[in-house]
Structures are given as C-alpha cells and as structure tokens.
Amino acid sequence: MGFDDELIAAIEGDYLNTDLFTPAEKAAMKWAEVLTEKTYRGENPDAMPELKKHFDSAQIAEITMVSCFFNFWNRLVDGLQVDIEEDDVMGRFTKSKSIDPKDYVAFMCDCWWNKPGAGDRAESRVRDSK
C-alpha cells in the first residue's frame, strides 16, 4: 500500500498525460478535480461523458460523494481555521509510502473520532478482515 515518489509527482503534475494511470483512473481524478474547482458547468463539458465510459451510475455517485465529502471537510476546517492534526503528527503522513491500516484506524478512533480505546477493537476487525 502507498505511492512511490514517481506516482506522487504524476498526481501533482500532468496526470492526464502519463502512462502511470489507466484511462478510468484519469477520468476519476479529472472528475474530482472538476468538482473541486467547480468547473463542471461549461469549462469541462467532457469530464462527465469520459467518466461514464468507465463507470456505471452507482460508481459515479460514489466517486462524486467521496470527492464532495473531502471538499466539504477541507472547506469546513479551513473556514473554522481548525488544524486537523498537530505538525508532528502530520509529519508522519506527509508523502508516506505506506500506512498500516491498523495504525490509521487506531489513530482515527483515538484522536479524530474521539473514541478512546476504540482503536484496539477496530484493529482486531481490520486484522480479522484480512
């Protein structure tokens, strides 16, 4: 799990003109970008038709919901000037190449979701699902 430096650079750069992503992945990333920049009306008329070439209606709804959720979350915490994590915690995730799902779930339960101790129970569910 995780992205290497080449993949991260491609995502941050000209992802549409690289061979590192499939046409479906490029369409999904473009749609997320279009939603984020609110350019789906007029400026990017080909984004949805391209998405429909690769995904069914349920998948498009899910891609849209996930992208919109993260846009909502970013606008909420930016607007309220809330720091999501302390700088030392963010340093652990910056350009990480691998995040252990158990560590992530435990962190989210104990810090974000305000459920102290829930990380231990969630960790066992992640382990059991493998």
Side-chain angles (χ1 to χ4, degrees):
M1 184 159 71
F3 301 128
D4 62 25
D5 290 337
E6 182 182 20
L7 201 59
I8 291 170
I11 292 169
E12 292 175 341
D14 189 8
Y15 64 88
L16 291 173
N17 292 309
T18 181
D19 294 331
L20 296 175
F21 304 108
T22 67
E25 290 169 328
K26 290 177 184 181
M29 288 189 288
K30 180 64 177 178
W31 184 241
E33 182 180 333
V34 165
L35 288 170
T36 299
E37 295 175 352
K38 295 191 259 178
T39 58
Y40 41 85
R41 293 185 185 183
E43 295 176 45
N44 287 289
D46 298 330
M48 178 57 81
E50 185 63 26
L51 201 61
K52 288 180 178 182
K53 289 179 187 177
H54 307 284
F55 301 99
D56 63 30
S57 295
Q59 291 169 318
I60 290 171
E62 185 174 357
I63 292 166
T64 302
M65 288 174 55
V66 168
S67 182
C68 289
F69 170 77
F70 281 98
N71 281 312
F72 159 78
W73 195 251
N74 287 334
R75 283 170 180 76
L76 177 70
V77 296
D78 286 350
L80 297 176
Q81 299 177 353
V82 174
D83 291 328
I84 297 175
E85 288 97 8
E86 301 286 331
D87 287 341
D88 63 325
V89 173
M90 284 302 296
R92 289 189 239 160
F93 294 98
T94 303
K95 293 199 178 199
S96 66
K97 296 187 190 255
S98 177
I99 297 175
D100 185 330
K102 295 180 294 184
D103 292 340
Y104 174 77
V105 170
F107 172 80
M108 293 300 286
C109 286
D110 291 339
C111 298
W112 244 135
W113 298 328
N114 199 22
K115 297 178 183 177
D120 297 334
R121 293 186 302 277
E123 181 179 321
S124 67
R125 286 194 300 271
V126 169
R127 187 177 44 251
D128 294 343
S129 70
K130 289 183 179 180

*Asks:* With heavy-atom distances below 4.5 Å as the criterion, would you say the side chains of Asn44 and Lys30 are in contact?
*Replies:* yes
*Asks:* Using the side chain to side chain donor-acceptor pair (under 3.5 Å) criterion, which residues pair with Thr18? Sequence neighbours excluded.
*Replies:* none
*Asks:* Over 60° means perpendicular and under 30° means parallel, so classify the ring planes of Phe69 and Trp73, tilted if in between.
*Replies:* parallel
*Asks:* Is it the case that the side chain of Ser67 and the backbone of Ile63 share a donor-acceptor pair, with hydrogens and angles ignored and the cut-off at 3.5 Å?
*Replies:* no
*Asks:* Honestly curious: do Val77 and Phe72 fall in one hydrophobic cluster under the side-chain, below-4.5 Å linking rule?
*Replies:* yes
*Asks:* Would you say Val34 and Met48 make side-chain contact, with heavy atoms under 4.5 Å?
*Replies:* no
*Asks:* Taking all heavy atoms of Asn71 and all of Leu35, pick out the closest pair and write down the distance.
*Replies:* ND2-C, 4.1 Å
*Asks:* For the residue pair Tyr15 and Leu20, establish whether any side-chain heavy-atom pair is separated by less than 4.5 Å.
*Replies:* no
*Asks:* Could you measure the distance from the CD atom of Glu12 to the CG atom of Leu7? Nearest 0.5 Å is fine.
*Replies:* 10.5 Å
*Asks:* Restricting to pairs with a member in residues 50-63, which pass salt bridge (charged side-chain N to carboxylate O under 4.0 Å, His left out), not counting sequence neighbours?
*Replies:* Glu50-Lys53
*Asks:* Where is the tightest heavy-atom contact between Phe21 and Ala10, given as atom of each residue plus distance?
*Replies:* CE1-CB, 3.8 Å
*Asks:* Nearest heavy-atom pair of Thr36 and Arg75: which atoms, and what distance?
*Replies:* O-NH2, 3.2 Å
*Asks:* Which residues satisfy the side chain to side chain donor-acceptor pair (under 3.5 Å) test with Gln59, sequence neighbours excluded?
*Replies:* none
